[in-house]
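One structure is given below, encoded as structure tokens.
So you know, we letter chains A, B, ... as the sequences are listed, proteins then strands, and number each from 1. Small disclaimer: the values here were computed from a predicted structure and weren't measured.
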Protein chains: 2
Amino acid sequence: MLMNDPQSASRQCGDCPIRHRAVCARCEADELERLDQIKYYRNFEAGQTVIWSGDKMDFVGSVVSGIATLTQTMEDGRTQMVGLLLPSDFVGRPGRNDAAYDVVAVTDIVMCCFRKKPFEDMMADTPHVAQRLLEMTLDELDAAREWMLVLGRKTAREKIASLLAIIARRDASLNMVGIAGPMTFELPLTREAMADYLGLTLETVSRQVSALKKDGLITLEGKRRVTIHDFNRLLDEAGDDSDGGMLA
Amino acid sequence: MLMNDPQSASRQCGDCPIRHRAVCARCEADELERLDQIKYYRNFEAGQTVIWSGDKMDFVGSVVSGIATLTQTMEDGRTQMVGLLLPSDFVGRPGRNDAAYDVVAVTDIVMCCFRKKPFEDMMADTPHVAQRLLEMTLDELDAAREWMLVLGRKTAREKIASLLAIIARRDASLNMVGIAGPMTFELPLTREAMADYLGLTLETVSRQVSALKKDGLITLEGKRRVTIHDFNRLLDEAGDDSDGGMLA
DNA sequence: TGTTTTCCTTGACCCAGATCAAACCGCCAA
DNA sequence: TTGGCGGTTTGATCTGGGTCAAGGAAAACA
């Protein structure tokens, strides 16, 4: 099930689930039309590599559904995740020919791809795409910088708490629920992927997750289903300000 | 010497040292004219804080000369540098009112500032500024991601070697010299700032610098003047591919 | 239905880098 | 000329998280 299937290929931008968040968010009807003509869908299975670092990249695109990772690898095999790609996130860089990172599908994913050249042409003469891409890139830069604080200065326990907080918050906003009361969600990452994300070993991840469980901060159902009982307490453990700006 | 001085205030964009690298790099004569009208220069002394995280920010701007840092701080005082601002680098984010990070002048610096509102207006109706800013932001994102690998996976010695390599490379490109043969430059950062950059303590930084010296990779003149004898050997120590693409 | 495989947990031990402490080295000011 | 001070070095010790090793659990396969 790797190729375009008729169902997804026939999808119209109008009812696209990421219509309001992706690079195309600002586009007018006529611009969408134009994007429609250069777009195509691709599916990848969980575990599949979308692009290898250094490979020639003739497309850019958005994650429509599923989760992927951006990873850097050193010659000796050490790896560090440098990006977590969620639905609506953009892959690839206009003006660059080779991929700078490995992109790997964590779950099954659907991508909305644009051939690179036409997309770049479009960026040059319709400002809405470029504007939105700038906005998204600035957001990613902020996220990368927050992540640098996590990697550089937080303890293993704080790192795990930070990751759980990020995932929980994202999940809450996706499902349009608040962060009061218990929050339950599925961990999209294996222990190893979490370790890659946080600059830890998988053993340390496992130990710290167990510790948070023992301390009553979280409950596990199986290995992946997590319940957070008190989000603000979790933020404390993450070393973050828990002044998340609630009600009065 | 904090305020605009007549000399710098009268500077024309035409002979600006960062003309070809900053946000204004792509601007036509008429666009420069317009920027000229909303720009003003500010000087800061070494050690001075340009903006505090959380402060209202009514301007954006470029570093014209000198070096500044972008830093994040946790409540308990742990800090992590998340950006190193060199001449032509951009400060501030269009569309955001509050500063997200502390910006501190490391050396005396000159900044070319634009009032935020007029700058945003200009971004909206002349594409050249926005295009260049997108390009610069994508570059910064790449730099941030490389840094994440350094923070997450490299040893203390590799971190120091990586930092020296970055500074040496930047210095070489600034002075238009190659990376063959010995390279000598002034370290712009204190040991503590280096530690903040690399997620280490200043003691570890000091020890690893001494170790690199003892191993003959670098020579020190005083505490700040560094000579690298073999750049590729340094890259090896940094754990980077030293396939820097030289001649045949 | 048993067997492999993948993912996860837990224990024992070790080491790189943190922490704590002391002293050094210009440099400027009194 | 002395003393304070910011930046730096170096030593001694401690510890968080890495490494190595041995199972467990549940899904995938045969």
(request) Could I get the full list of salt bridge (charged side-chain N to carboxylate O under 4.0 Å, His left out) partners for B:E237, not counting sequence neighbours? (result) B:R157
(request) Using heavy atoms to find the nearest nucleotide of DNA chain D for A:K159 and A:K223 separately, return the residue whose nucleotide is more 5′. (result) A:K159
(message) Taking any heavy-atom pair under 4.0 Å as a contact, classify A:R157: base, sugar-phosphate, or nothing.
(response) nothing
(request) May I ask you to check whether A:T219 and A:T227 show a side-chain donor-acceptor distance below 3.5 Å? (result) no
For residues 49-72 of chain B, run the donor-acceptor check on the side chains, cut-off 3.5 Å, and write out each pair with its distance to 0.1 Å, sequence neighbours left out.
unit_1: B:S53; atom_1: OG; unit_2: B:A100; atom_2: O; d: 3.2

(message) Can you confirm whether B:I228 sits close enough to B:T184 that some side-chain heavy atom of one is under 4.5 Å from a side-chain heavy atom of the other?
(response) no
(request) State, with a plain yes or no, whether a side-chain heavy atom of B:I109 is found less than 4.5 Å away from one of B:N43. (result) no
(message) Test of understanding: with salt bridge (charged side-chain N to carboxylate O under 4.0 Å, His left out), list the residues that count as partners of B:R191, not counting sequence neighbours.
(response) none
Return all side-chain donor-acceptor pairs below 3.5 angstrom for residues 194-204 of chain B, not counting sequence neighbours, or 'none' if the list is empty.
unit_1: B:D196; atom_1: OD1; unit_2: A:R153; atom_2: NH2; d: 3.4
unit_1: B:D196; atom_1: OD1; unit_2: B:T79; atom_2: OG1; d: 2.9
unit_1: B:D196; atom_1: OD2; unit_2: B:T79; atom_2: OG1; d: 2.9
unit_1: B:T201; atom_1: OG1; unit_2: B:T204; atom_2: N; d: 3.3
unit_1: B:T201; atom_1: OG1; unit_2: B:T204; atom_2: OG1; d: 3.0

(message) Taking any atom closer than 4.0 angstrom to a non-hydrogen atom of chain B, what span of DNA chain C does the protein reach, first nucleotide to last?
(response) C:dG17 to C:dC20
(message) Nearest 0.5 Å, please: how far is CG in A:D102 from OG1 in A:T73?
(response) 5.0 Å
(request) Taking the side chain as every heavy atom from C-beta outward, state whether B:I218 and B:L164 have any atom pair closer than 4.5 Å. (result) yes
(message) Would you say CD of B:E140 has more than 12 non-hydrogen atoms from neighbouring residues, nucleotides or ligands within 6.0 angstrom?
(response) yes
Just distance, no hydrogens or angles: give the donor-acceptor pairs under 3.5 Å from side chains in residues 172-183 of chain A, sequence neighbours left out.
unit_1: A:S173; atom_1: OG; unit_2: A:R170; atom_2: O; d: 3.2
unit_1: A:N175; atom_1: ND2; unit_2: A:D171; atom_2: O; d: 3.4
unit_1: A:N175; atom_1: ND2; unit_2: A:D171; atom_2: OD2; d: 3.2

(message) Near DNA chain C, counting only heavy atoms under 4.0 Å, which residues of residues 160-168 of chain A show up?
(response) none
(message) What's the separation between atom CH2 in A:W147 and atom OG in A:S162, rounded to the nearest 0.5 Å?
(response) 12.0 Å
(request) Would you grab the first and last nucleotide of DNA chain D (5' to 3') that comes under 4.0 Å of any non-hydrogen atom in chain B? (result) D:dT8 to D:dA12
(request) Please list all pairs passing the ring pair (Phe, Tyr, Trp, His ring centres under 6.0 Å) test where one or both residues lie in residues 204-238 of chain B, with sequence neighbours left out. (result) none
(request) Have a look at the helix from C:dT1-D:dA30 to C:dA30-D:dT1 and give the angle its two end axes make, five pairs each, rounded to 10 degrees. (result) 30°
(message) Checking B:E158 now: which residues fulfil side-chain contact (heavy atoms from CB on, under 4.5 Å) with it, not counting sequence neighbours?
(response) A:M74, A:R78, B:K154, B:T155
(request) List in numerical order all residues of residues 198-219 of chain A for which some heavy atom is under 4.0 Å away from an atom belonging to DNA chain D. (result) A:G199, A:L200, A:T201, A:E203, A:T204, A:R207
(request) Report yes or no: does A:Q48 contribute a side-chain atom to a donor-acceptor pair with the main-chain N or O of A:E45 at less than 3.5 Å? (result) yes
